[in-house]
Amino acid sequence: MSQDQSPATPQRLTPQSEDFSKWYGEVVQRAQLADHSGVRGCIVFRPYGYGIWEHMQRLLDRRIKATGHENAYFPLLIPESLLQKEAEHVEGFAPQVAWVTHGGNKELEERLAIRPTSEAIICSMYSKWIESYRDLPVLINQWANVLRWEMTTRPFLRTAEFLWQEGHTAHATAADCQAEVLRMLEVYRDFVETELAMPVYPGPKSDAEKFAGADMTYSIEALMKDGYALQAGTSHNLGQHFAKVFDITYQDEQGVRQHVWQTSWGVSTRLIGGVIMTHGDDHGLQLPPRIAPVQAVVVPIWRKPEDRGSVLAFIEKVKEALGDRVRLLVDDREQYSPGWKYYEHELRGVPVRLEVGPKDVEKSAVMSVRRLDRKKESIPLDQIATRLPALLEEVQADLFKAAQELRAANTSSATSIEDLVRHFVTEGKRGFVALPWTGDARLEAEIKERCAATLRCIPLDQSPFDGLAPAGGRVALFARAY
RNA sequence: CGGGGCGUGGCUCAGCCCGGUAGAGCACCUGGUUCGGGACCAGGGGGUCGGAGGUUCAAAUCCUCUCGCCCCGACCA
């Protein structure tokens, strides 16, 4: 460490303040989350990035099942005739659909769409399966990939092919249906806030922003560090539109034929992008412990060869003490110095680092360092099994708190469109702006036109905006969005 | 889809304008010394210049087409 002009120093990460997009791309690449595939808009999920998705899946799947849903799998290909049944739906997705036209060398009689979403194929099956009120509700989820021919793409945030889960349910009554829509919206809120430490505003969207073919779309809206909003999940009330065109009916208790009421809801690998932009900093990625493939990394340190054995032996004891309580990586690569590893694992967002050197072995302790603030704490070996998991939970909570504070600092209010224009255009600010809202579609269009900001949602919980709207009124949140 | 930029060892890039048969730094491999915030020395391997076609005695370099990536707009989870 004598010279600071070391030519070996790798390229620094572009700071967020300098160029947020560039920062994002560098983090994705250098943390080895994903790579470009050579196929337009399609990324490769590298093991570390896919590992994050696997933890998300596990934690969300648990919640989906706990609310009574079962997983199933429907085909990737959807016959054109099926896709075209629901007019609004087709119209919404038509520009983004990729088609299979040949089987081998033979041209198909009917083109097959690569699913942009699975309402059509699932509804066609529901019409076969549902006969009686006793068959309801049908509560099915599928984990799948979908393909949408997007104009511009960005890793995770908008890719042509992406991974998601899509829930599709059918109910006997409008009330049951609406209850399901709100239930899953709440599942998403809880999942995203608890596991991803990403605060969100849940609420309905305007007609202009709703899903193609839905009566009503609800979303959870998050705020990224650059002040742009991100739609982090959606829950749609499909009403009876699909039931009517796909002829999904049941006989009620009086023997009367009724159309079912349906919902669909989904979150995607876009959430990975959300995590990157919610928690990442100038040192790189920062993962909430709950979804981190590596929750703590052990970095062995030694000066003299004779220390090597005792350090490694001590690390074995640490591993043994922790068992499977913590997802631990021992970085015993000998070609890198400890300092190099610190940078590396900070870049990759590992929440906690455990330094183990001769001094620690002597004290029978490890030196923990939080990725978030580099706060150090020596943890005795006989306490590691309880202290480290607790420390990880503290980090999880602190990440959420930091994200909440950032959002609070970037949420403001307005009482007129002129306020919005001043905020987004004149002053060039970002973030959420709450505006009293009566549902005026023309005003919404004007705001979009003049501010490039869209109505993100009308928060279900209006309490943070008390007093802004006249008594009995509501506010809507506007933001520029990804 | 419109405007702009860019594809040269794994990465960042030089070479291209003024064609003559490919270079640097980092990374990688081997050996040794190192290791508490990106170590050092010595030796070594690797690219036919995104792809296709054309011009030419000769193409990374000129021309055409095409694919991919990045940025800015319009559309979308």
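What you are looking at is a predicted structure, and each value in this text was computed from that prediction instead of being measured. Note on naming: letters A, B, ... go to the chains in the order of the sequence lines (proteins, then strands), and numbering restarts at 1 for each one.
- RNA chain B is contacted by both R148(A) and E346(A); E346(A) maps to the nucleotide lying nearer its 5′ end (nearest heavy atom per residue).
- Residue E344(A) is classed as a base contact, given a heavy-atom separation below 4.0 Å to a base.
- Taking the centre of each ring, F20(A) and Y228(A) stay at or above the 6.0 Å mark.
- Surrounding CD of E362(A) are at most 12 heavy atoms belonging to other residues, nucleotides or ligands under 6.0 Å away.
- The local environment of CD in E306(A) is crowded, with over 12 non-hydrogen atoms from other residues, nucleotides or ligands closer than 6.0 Å.
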Exercise for review: Given side chain to side chain contact (heavy atoms under 4.5 Å, CB included), test F156(A) with V275(A) step by step and report yes or no.
Suggested key: CA-CA 10 Å; F156(A) 299 121; V275(A) 166; over 6 Å; no

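- Taking the C1' atom of each, G46(B) and A24(B) are spaced 15 Å apart, rounded to whole Å.
- Here the side chain of R270(A) is nearest to one of C35(B), G37(B), A77(B), namely A77(B).
- Heavy-atom distances under 4.0 Å link RNA chain B to no residue of residues 190-217 of chain A.
- Nucleotides G9(B) and A22(B) have their C1' atoms positioned 11 Å apart, rounded to a whole Å.
- What separates CD of E91(A) from P of C75(B) is a distance of 15 Å, to the nearest Å.
- Pairing for A24(B) is with U12(B), a Watson-Crick or G-U wobble pair whose two hydrogen-bonding atom distances lie under 3.5 Å.
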Practice item. Give the C-alpha distance, both sets of side-chain angles, the deciding distance and a yes or no for side chain to side chain contact (heavy atoms under 4.5 Å, CB included) between V475(A) and W437(A). Key: CA-CA 5 Å; V475(A) 303; W437(A) 194 246; 5.8 Å; no

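- When the P atom is used for both U55(B) and U61(B), the distance is 15 Å, rounded to whole Å.
- Comparing the P positions of G53(B) and C6(B) gives an interatomic distance of 25 Å, to the nearest angstrom.
- Taking only side-chain atoms of M151(A), from C-beta outward, the nucleotide of C1(B), C35(B), A77(B) with the closest atom is C1(B).
- Within 4.0 Å of R333(A), counting heavy atoms only, lies no atom of the nucleic acid at all.
- Taking atom CZ of R374(A) as the reference point, atom P of G36(B) lies 15 Å away to the nearest angstrom.
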Pairs: protein N or O with nucleotides 68-72 of chain B N or O, under 3.5 Å:
{"unit_1": "C69(B)", "atom_1": "OP1", "unit_2": "G41(A)", "atom_2": "N", "d": "3.0"}

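- More than 12 heavy atoms of other residues, nucleotides or ligands lie within 6.0 Å of CD in E54(A), so this atom counts as buried by the packing criterion.
- If you check every strand for non-hydrogen atoms under 4.0 Å, K341(A) touches nothing.
- Atoms CD (Q335(A)) and P (A39(B)) sit 12 Å apart, rounded to a whole Å.
- When both distances must be under 3.5 Å, the Watson-Crick or G-U wobble mate of G68(B) is C6(B).
- Projected onto RNA chain B by closest heavy-atom contact, T234(A) and H283(A) fall at different nucleotides, the more 5' of which corresponds to H283(A).
- Of the nucleotides present, none pairs with G46(B) by Watson-Crick or G-U wobble criteria with both distances under 3.5 Å.
- Shown here, G31(B) forms a base pair with C41(B); the pair counts as Watson-Crick or G-U wobble because both key distances fall under 3.5 Å.
- For the C1' atoms, the distance linking U8(B) with G3(B) amounts to 27 Å, nearest Å.
- Of the candidate nucleotides G36(B), C28(B), A77(B), G36(B) has the atom lying nearest to any side-chain atom of D360(A).
- Base contact: R353(A) has a heavy atom under 4.0 Å from a base atom.
- Across the strands present, U56(B) finds no partner; the criterion is a Watson-Crick or G-U wobble pair with both atom distances under 3.5 angstrom.
- Looking at heavy-atom distances under 4.0 Å, Q96(A) makes contact with sugar-phosphate atoms alone, never a base.
- Residue contacts for P95(A): at a heavy-atom cut-off of 4.0 Å it reaches no nucleic acid atom on any strand shown.
- For the P atoms, the distance linking C75(B) with G54(B) amounts to 43 Å, nearest Å.
- In this structure, R348(A) places its CZ atom 22 Å from P of G37(B), rounding to the nearest Å.
- The P atoms of A52(B) and A60(B) are separated by 12 Å, rounded to the nearest whole Å.
- Between the C1' atoms of A27(B) and C72(B), the separation comes to 33 Å (whole Å).
- For the pair E355(A) CD and C35(B) P, the interatomic distance rounds to 16 Å; values are reported in whole Å.
- We find that E346(A) and R374(A) are joined by a salt bridge, their nearest charged nitrogen and carboxylate oxygen being less than 4.0 Å apart.
- Using a 4.0 Å cut-off between charged side-chain N and carboxylate O, R58(A) and D61(A) make no salt bridge.
- Counting heavy-atom neighbours within 6.0 Å of W149(A) CH2, excluding the residue itself, gives a total of 12 or less.
- Annotation for Q32(A): atom CD counts as buried by contact number, over 12 foreign heavy atoms lying within 6.0 Å.
- Remark: Y336(A) is in phosphate contact with C28(B), judged by side-chain N or O atoms under 4.0 Å from OP1 or OP2.
- When heavy atoms are screened at a 4.0 angstrom cut-off, T454(A) is found touching no nucleic acid atom at all.
- Using a 4.0 Å heavy-atom cutoff across all strands shown, F93(A) reaches no nucleic acid atom at all.
- L157(A) comes within contact range of at least one nucleobase, with a heavy-atom separation under 4.0 Å.
- The pair E334(A)-R308(A) meets the salt-bridge criterion, with a side-chain N (NZ, NE, NH1 or NH2) lying under 4.0 Å from an Asp/Glu carboxylate O.
- Taking the six-membered ring for Trp and thresholds of 30 and 60 degrees, F93(A) and H89(A) have ring planes more than 60 degrees apart, a perpendicular arrangement.
- In this structure, CD of E306(A) is placed 14 Å from C1' of U34(B), rounded to the nearest angstrom.
- The interatomic distance linking E221(A) (CD) with A77(B) (C1') rounds to 10 Å, in whole Å.
- Spacing between atom CZ of R303(A) and atom C1' of U33(B) amounts to 15 Å, rounded to whole angstrom units.
- Within 4.0 Å (heavy atoms only), Q231(A) reaches sugar-phosphate atoms of the nucleic acid but no base atom.
- Summarising the geometry, atom CG belonging to L223(A) is positioned 6.0 Å from atom OG1 belonging to T411(A); distances are rounded to the nearest 0.5 Å.
- Among A39(B), G36(B), C28(B), the nucleotide with an atom closest to any side-chain atom of S337(A) is A39(B).
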